[in-house]
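Just below is one structure, and these are the notes that go with it.
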Amino acid sequence: QVQLVESGGGSVQPGGSLRLSCATSGFTFSNRAMTWYRQAPGREREFVATISNTGNSTNYIDSVKGRFTISRDNAKNTVYLQMNSLRPDDTAVYYCNANIPDIRGWDKYYWGQGTQVTVAS
């Protein structure tokens with residue numbers, strides 16, 4: 001079965017850094033793009049960053065450009081999110097996502113349990 005497990009969250013001061021990891025299993029990781037989302041209390045789940053299956057292309061929400069870097073290690077079936085210059089409004093639960101075809105060939109969204117990131121003085 002498909003599993004995604006996020007880790008690496010924690011509490012940091014503004015300007016600090018964290019590196020999130022998402023370990024995956026149950027699908028051919030190297031064939032799938034991977035995406036990070038985040039959700040703060042009372043807000044919708046928000047796209048943060050995505051990376052192509054090969055790692056050759058990435059995309060970010062404007063508010064994190066220049067501060068966050070998404071990467072992947074296909075040998076380890078793991079995707080990462082390096083977060084630098086963290087701000088209080090980066091506080092959220094961060095989730096990784098994979099879209100994987102079901103039996104009928106329709107993409108299905110899979111999510112991990114999330115990891116909490118808190119940025120505060």
Side-chain angles (χ1 to χ4, degrees):
Q1 68 280 7
V2 173
Q3 288 192 313
L4 298 86
V5 181
E6 301 95 335
S7 62
S11 297
V12 297
Q13 297 184 56
S17 297
L18 287 171
R19 189 178 77 155
L20 308 184
S21 299
C22 176
T24 73
S25 61
F27 67 101
T28 305
F29 180 79
S30 61
N31 287 349
R32 309 307 303 179
M34 296 295 299
T35 306
W36 285 97
Y37 290 78
R38 64 188 181 187
Q39 187 168 29
R43 297 191 61 186
E44 66 181 0
R45 188 168 295 190
E46 176 187 45
F47 165 82
V48 177
T50 193
I51 187 167
S52 64
N53 64 308
T54 63
N56 288 333
S57 64
T58 58
N59 194 30
Y60 302 88
I61 191 172
D62 284 347
S63 63
V64 309
K65 287 181 178 178
R67 301 189 298 120
F68 291 10
T69 302
I70 188 171
S71 62
R72 65 192 296 155
D73 186 340
N74 284 357
K76 296 181 178 179
N77 296 332
T78 301
V79 62
Y80 305 94
L81 186 68
Q82 178 67 46
M83 306 185 296
N84 299 325
S85 302
L86 283 162
R87 304 167 180 169
D89 60 2
D90 294 319
T91 295
V93 178
Y94 284 70
Y95 300 89
C96 66
N97 158 260
N99 294 342
I100 305 169
D102 65 9
I103 294 173
R104 292 184 175 269
W106 301 330
D107 278 356
K108 186 176 182 178
Y109 283 57
Y110 290 87
W111 304 92
Q113 84 288 350
T115 186
Q116 177 71 50
V117 172
T118 302
V119 185
S121 299

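Because the structure is predicted, anything quoted here is derived from the model rather than measured. Just the heavy atoms: all of them, side chains too, but no hydrogens, waters or symmetry mates, feed the values below.
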Can you tell if the side chain of [X] reaches within under 4.5 Å of the side chain of [Y], non-hydrogen atoms only?
X      : Y     : value
Thr28  : Ser30 : yes
Thr115 : Ser7  : no
Met83  : Val12 : no

Hey, what do you get for [atom1] ([X]) to [atom2] ([Y]), rounding to the nearest 0.5 Å?
X      : Y      : atom1 : atom2 : value
Met34  : Asn97  : CE    : CG    : 6.5 Å
Phe47  : Tyr60  : CZ    : OH    : 9.5 Å
Glu6   : Ser21  : CD    : OG    : 10.5 Å
Thr35  : Ile70  : OG1   : CD1   : 6.5 Å
Ile103 : Lys108 : CD1   : NZ    : 9.0 Å
Asn77  : Phe27  : CG    : CZ    : 7.5 Å

### Query
Which atoms form the tightest heavy-atom contact between Asn84 and Ser17, and what is the distance?
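Shortest heavy-atom separation between Asn84 and Ser17 comes out as OD1-OG, 2.9 Å.
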#### Entry: Check: Val119 main-chain N/O paired with Thr91 side-chain donor or acceptor under 3.5 Å
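Yes.
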### Message
Quick one: does any side-chain atom of Gln39 pair with a main-chain N or O of Ala92 as donor and acceptor, under 3.5 Å?
### Response
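Side chain of Gln39 to backbone of Ala92: no pair is present.
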### Query
Which pairs pass salt bridge (charged side-chain N to carboxylate O under 4.0 Å, His left out) with one or both residues in residues 75-91, sequence neighbours excluded?
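Residue pairs with at least one partner in residues 75-91: Arg38-Asp90, Arg67-Asp90.
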Establish whether [X] and [Y] are linked, either directly or via other cluster members, by ILVMFWY side-chain heavy-atom contacts under 4.5 Å.
X      : Y     : value
Trp111 : Leu81 : yes
Val5   : Leu20 : no
Ile100 : Val79 : yes

### ring pair (Phe, Tyr, Trp, His ring centres under 6.0 Å) pairs, two or more places apart, involving residues 75-110
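Residue pairs passing ring pair (Phe, Tyr, Trp, His ring centres under 6.0 Å), neighbours aside: none found.
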### Message
Taking disulfide (SG to SG under 2.5 Å) as the cut-off, I'd like each qualifying pair that reaches into residues 72-121, sequence neighbours left out, listed once.
### Response
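For residues 72-121, and leaving out neighbouring residues, the disulfide (SG to SG under 2.5 Å) pairs sorted by first residue read Cys22-Cys96.
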### Residues Gln116, Val93; criterion side-chain contact (heavy atoms from CB on, under 4.5 Å); working and verdict
CA-CA 4 Å; Gln116 177 71 50; Val93 178; 3.3 Å; yes
